[in-house]
Enquirer: 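This structure is in structure tokens; I'll ask about it shortly.
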Amino acid sequence: MTTTTPETPTSTVQPGQVQPGTQGGAVGAISNYLDERTSISAVVKEFGRKIFPDHWSFMLGEVALYSFVVILISGSFLTFFFQASMAEVVYNGSYVPLKGLEMSAAMNSSLDISFDVRGGLLMRQVHHWAALLFIASIVLHMLRIYFTGAFRKPRELNWVIGFLLFVLAMGEGFTGYSLPDDLLSGNGLRIIDGLLKGIPVIGTWISYLLFGGEFPGTQIIGRLYTLHILLLPAIVVALIALHLVFVVVHKHTQYPGPGKTNNNVVGYPILPVYAAKAGGFFFIVFGVIMLMAAFFTINPIWNYGPYDPSPVSAGTQPDWYIGFADGALRLIPPGWEWTLGNYTFSLNVFLPVVVLGLFIVAVLLYPFFEGWVTGDKREHHLLDRPRNAPTRTAIGAAGITFYCGLFFAASSDLIATHFKMAMEHVIHILQFTTVIGPFIAFFIAKRICLALQKKDREIALHGFESGRIVRLPGGEYIEVHHQLDAYERWKLVSFNDYQPLMLRPNDRGEIKTSQRLRAAVSRWFFEDRIAPVTRTELEAAHSHGDHGDHGVVEAKDEAMGGAPHIRS
Amino acid sequence: MSSAAQKKSRRRSTRTGRRHPLATVALIAIGLLFTGGAYALFNSTSSGTEAVAASQDQVDRGSKLFSANCATCHGMNLQGTSAGPSLLGVGAAAVDFQVGTGRMPLQNTGPQAPEKPAQFTTEDTAALAAYVASIAPGPGLPEAEYLDGGGDATHGAELFRINCAMCHNVAGAGGALTEGKYAPSLTGVSAKHIYEAMVTGPQNMPVFNDANLTPEDKRDIITSLKYLEDNPSPGGIELGNLGPVAEGLFLWIFGLGTIVALTVWLTARSN
């Protein structure tokens, strides 16, 4: 682990003097030229010595970044050929089963990209696969952040930025999905139109505003195109930049371990190690996307044909990241709507919108909620192991169950056909999973976390079982335990421990309702807890077992019904 | 050509000796060619038109097969029972489809009769079809000219999207219906069976009669389906043509799986 500074020649050359290009040769000369004009060496020095810890889960955000770069590159290529117009044209390209069919210019140009532009189909597939990977890696990255508590102070705002990026990425995905104006994308837009119209009072007008009149109109593709290639990418790029600036400002978090504290970062410097690794990793991600795009069809618009409001294909689904919204519509029981005069109130469409909105806001604000519950104002640069924050982990498990219930509901028809089930049964099972499942998941996850903590505590105090049974001269059997070394043990005993908030009157001697609420939530959060092993406990556990070279042999008191420790 | 003419030519050659000795053979060959050709021509045109042309033998054979294999549920006189519908007027097309794709005889009751290996030979199937068609008239077997896949694929694909895709999926990959029923995949289904299904509307499928979709329309639809079957996707492996669900599943398991494996590899410490 070395920290190297980049060698940039300092400018001590007098005016009129020719600088001998000895040190560093051409590279040195160029860096010198740049540095004299931009003073960039200070930045490179500062940035190049930035340390990043090494762990596979820290690279998931990078995957998102790199797939976004791939999306930008392939997307730029596609803009050269795509026509965002809904003008009617007759297809006359090389795909036979669509020849002579009337379609929009958008669909026509998408087909031309696929069949008549050299490399066009590959680029389309690269763009689409990269988009799927982009959002999937964001989700995985976000789960890593959540379950390790990396969103705590000072990173709450970066969580918000990252989550906004996730939402924007879904927006980017959906606008892009709609652009080819094939049957699938048109069906997707029709659902969005329905969702908008389901909003009470203003819904119809919002839909008219978006589509420029009654669906589908002749405006929507052009408008989505502007959003897709101009507005949304600009915001995404700006937020990514801000996201990365925050990563640099906050320094990277690290997993707990010996020598790792809240005040240091243990790892490799950006230059040269990480620059090389990350640069190489970009090409690896690019390569994986390219392989997928080269060998696997994605969105075969030639099968779907041009959009026509009458047909809807079986197996019409959104791309996976919008699946949870589609699933929510499928899970709503039928008939949840009522009429008032000549006005229909469609709860069956509006309720999913509300629930999903609340879910998104809940995820967005979670860091602030947890900060309020713990009342912890300290900075945290050391990550939590998920088991050491049982309630948070359990909430995460509940959230994932809820999301997955909705997500899988979007493919309820395919689950039914492929697992030979009745559609109704699939829907009922997923309704249960979505509504009751989160509570079950919460309970199970929390119990698993507490059990794992207990096990950790047990191992830290008494070592792990060696599997060797020894019979003592008195006839008693004991099992030999091996002790962990100090490094291993450190991981098990050093973690944050929170206790439920004490309800105390303030200066004026009164207890406010907000305080009561906070205390109640805090109690719910932390009442079941396994305290970390203290130094005294550790010493007490180990002193009686310290017997020279033979290692520690002791009886497991729990196993023997709480009998006093037997020394060997 | 009749035997009288043969005799006549022979008589001539023996009597006069002016004809080449092989003339008789040549004449016989020409005559046989004519009769054979005419028979073949007659045969091929008659097979398509009406099952009425079926021989009495075939009908008798079909009747026996029916009594042994079908009558339990459909009744001795095709009138139907509580276990199976009446087959009066379903025509040869329905029998050929249901028996030819193995859907009938039904193995057990369920939401829908699944396709399975056909249990009757082609001749037996034809005999059953002839028998059922002989009791009451119904849609006959499709004519070969509509099954050749030489129609207009563009028109056929459009008709397919409008009329069929909501159950069978745009690429004919199949889809779910309610209560465990489903629209089967159309990949690998023969042109004849596709045509018969459209005409007879088996199980949950609606009937697309000739007023709804003309025989030429049906031919176009078959053409577009056969095009999809014969031409692999230009984009690479199709992932079952199931749409975004298959794509998403592939991405999460194989795409992201590969990427995560690579990150683990990149950050692994050397031993």
Side-chain angles (χ1 to χ4, degrees), chain A residues 54-60 63 96-101 114-115 121 125 129 132-133 136-137 140 183-184 277 280-281 284-285 288-289 292 294-300 302-305 308 310-320 323 410-414 416-417 420-424, chain B residues 111 152-158 160-171 173-183 185 223-224 227-228 231 233-239 241-252 254-256 258-260 262-269:
Chain A
D54 215 12
H55 192 272
W56 69 267
S57 67
F58 296 161
M59 301 181 85
L60 296 170
V63 178
V96 179
L98 289 175
K99 252 190 182 159
L101 210 57
S114 305
F115 295 109
L121 182 55
Q125 303 207 119
W129 279 123
L132 295 193
L133 182 65
S137 53
L140 214 55
L183 189 57
L184 190 62
K277 258 194 180 182
F281 190 47
I284 288 178
V285 173
V288 170
I289 294 172
M292 281 196 290
F295 289 110
F296 296 94
T297 309
I298 188 164
N299 195 16
W302 50 88
N303 282 350
Y304 289 103
D308 168 353
S310 58
V312 180
S313 166
T316 292
Q317 264 99 3
D319 274 345
W320 75 261
S411 51
S412 54
D413 52 336
L414 291 172
T417 50
K420 307 240 183 285
M421 292 170 78
M423 181 99 109
E424 288 79 357
Chain B
D152 178 356
T154 308
H155 186 231
E158 197 181 9
F160 187 83
R161 283 194 291 275
I162 294 170
N163 294 292
C164 324
M166 49 278 291
C167 301
H168 285 288
N169 164 312
V170 280
L177 302 174
T178 53
E179 292 169 348
K181 293 172 286 201
Y182 57 92
S185 162
T223 308
S224 75
Y227 183 93
L228 272 185
N231 295 276
S233 167
I237 296 163
E238 284 138 343
L239 301 175
N241 270 327
L242 292 175
V245 170
E247 291 158 8
L249 200 65
F250 180 81
L251 186 275
W252 270 93
F254 293 97
L256 205 58
T258 311
I259 295 278
V260 168
L262 287 167
T263 59
V264 173
W265 173 62
L266 274 178
T267 50
R269 287 182 206 289

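Quick caveat, the model's predicted, so the values are computed rather than measured. Per chain, numbering begins at 1; letters A, B, ... match sequence-line order.
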Enquirer: Which pair of heavy atoms, one from B:Thr263 and one from B:Val260, lies closest together, and at what distance?
Expert: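 Closest heavy-atom pair between B:Thr263 and B:Val260: OG1-O, 2.6 Å.
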
Enquirer: Less than 4.5 Å to any heavy atom of chain B: does that hold for the side chain of A:Phe115, its backbone, both, or neither?
Expert: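 For A:Phe115, the side chain is the part near chain B, not the backbone.
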
Enquirer: Please classify the contact of A:Leu60 with chain B as side chain, backbone, both or neither, using a heavy-atom distance under 4.5 Å.
Expert: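 Side chain only.
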
Enquirer: Kindly say whether the aromatic ring centers of A:Trp129 and B:Phe250 come within a distance under 6.0 Å.
Expert: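 Yes, they do, as the ring centres are separated by less than 6.0 Å.
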
Enquirer: Out of B:Pro234, B:Ser224, B:Ala157, which one racks up the most heavy-atom pairs below 4.5 Å with chain A?
Expert: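 Heavy-atom pair counts peak at B:Pro234.
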
Enquirer: Measure distances from A:Leu98 to the heavy atoms of chain B and classify the residue's part below 4.5 Å as side chain, backbone, both or neither.
Expert: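 Both backbone and side chain.
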
Enquirer: Chain B heavy atoms under 4.5 Å from A:Met421: which part of the residue, side chain, backbone, both or neither?
Expert: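 Backbone of A:Met421 only, per the 4.5 Å heavy-atom cut-off to chain B.
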
Enquirer: For chain A, find which of B:Trp252, B:Trp265, B:Phe160, B:Phe254 contributes the most heavy-atom pairs closer than 4.5 angstrom.
Expert: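 Heavy-atom pairs under 4.5 Å are most numerous for B:Trp252.
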
Enquirer: Heavy-atom pairs under 4.5 Å with chain A - which of B:Ala173, B:Pro244, B:Gly255 has more of them than the others?
Expert: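 So the answer, after comparing B:Ala173, B:Pro244, B:Gly255, is B:Pro244.
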
Enquirer: Please check if the number of heavy atoms outside A:Lys99 that lie under 6.0 Å from its NZ is greater than 12.
Expert: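 Result for NZ/A:Lys99: enclosed.
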
Enquirer: So which residue, A:Asp413, A:Thr417, A:Leu133, A:Asp319, ends up with the most heavy-atom pairs under 4.5 Å with chain B?
Expert: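 Ranked by heavy-atom pairs under 4.5 Å with chain B, first place is A:Leu133.
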
Enquirer: Checking heavy atoms, do the side chain of A:Gln317, its backbone, both or neither come under 4.5 Å from chain B?
Expert: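 Its backbone and side chain both get close to chain B.
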
Enquirer: What residue, out of A:Ser313, A:Ala410, A:Ala422, has the most heavy-atom pairs lying under 4.5 Å from chain B?
Expert: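 That would be A:Ser313.
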
Enquirer: Mind checking the OH-CE spacing from B:Tyr182 to A:Met423? Nearest 0.5 Å is all I need.
Expert: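 Here the interatomic distance stands at 14.5 Å.
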
Enquirer: What residue in A:Gly305, A:Gly323, A:Ser137 has the most heavy-atom pairs under 4.5 Å with chain B?
Expert: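 Most pairs with chain B among the choices: A:Gly305.
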
Enquirer: Any idea which of B:Ala171, B:Ser233, B:Gly243 has the most non-hydrogen atom pairs under 4.5 angstrom with chain A?
Expert: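 Ranked by contacts with chain A, first place is B:Ser233.
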
Enquirer: I'd like to know if the side chain of B:Glu247 reaches the main chain of A:Asn299, judged simply by a donor and an acceptor atom lying under 3.5 Å from each other, with no hydrogens or angles considered.
Expert: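 Flag set: sc B:Glu247 to bb A:Asn299 pair under 3.5 Å.
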
Enquirer: Where do A:Leu183 and A:Tyr304 come nearest, in terms of heavy atoms and distance?
Expert: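 Smallest heavy-atom distance, with atoms named: CB-O, 3.2 Å.
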
Enquirer: Rounded to the nearest 0.5 Å, what separation is found between the CE atom of A:Met59 and the CG atom of A:Leu140?
Expert: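 Going from CE on A:Met59 over to CG on A:Leu140, the span is 13.5 Å.
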
Enquirer: Side chain, backbone, both or neither: which part of B:Leu239 has an atom under 4.5 Å from a heavy atom of chain A?
Expert: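 Side chain only.
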
Enquirer: So which of B:Cys164, B:Gly180, B:Cys167, B:Gly156 has the largest heavy-atom pair count under 4.5 angstrom toward chain A?
Expert: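 That would be B:Gly180.
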
Enquirer: Where does A:Leu121 contact chain B at under 4.5 Å (heavy atoms): side chain, backbone, both or neither?
Expert: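 Contact with chain B involves the side chain of A:Leu121 alone.
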
Enquirer: Rounded to the nearest 0.5 Å, how far does CG of B:Asn241 lie from CG of B:Leu228?
Expert: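 Rounded to the nearest 0.5 Å, the CG-CG separation comes out at 7.0 Å.
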
Enquirer: Please state whether the side chain, the backbone, both or neither of A:Val285 comes within less than 4.5 Å of a heavy atom of chain B.
Expert: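 Looking at A:Val285, backbone and side chain both touch chain B.
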
Enquirer: Could you look at A:Val63 and say if it's the side chain, the backbone, both or neither that has a heavy atom under 4.5 Å from chain B?
Expert: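 The side chain, not the backbone.
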
Enquirer: So which of B:Gly248, B:Gly175, B:Ala165 has the biggest tally of heavy-atom pairs under 4.5 Å with chain A?
Expert: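 Max contact count across the listed options: B:Ala165.
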
Enquirer: Chain A heavy atoms under 4.5 Å from B:Thr258: which part of the residue, side chain, backbone, both or neither?
Expert: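 The side chain, not the backbone.
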
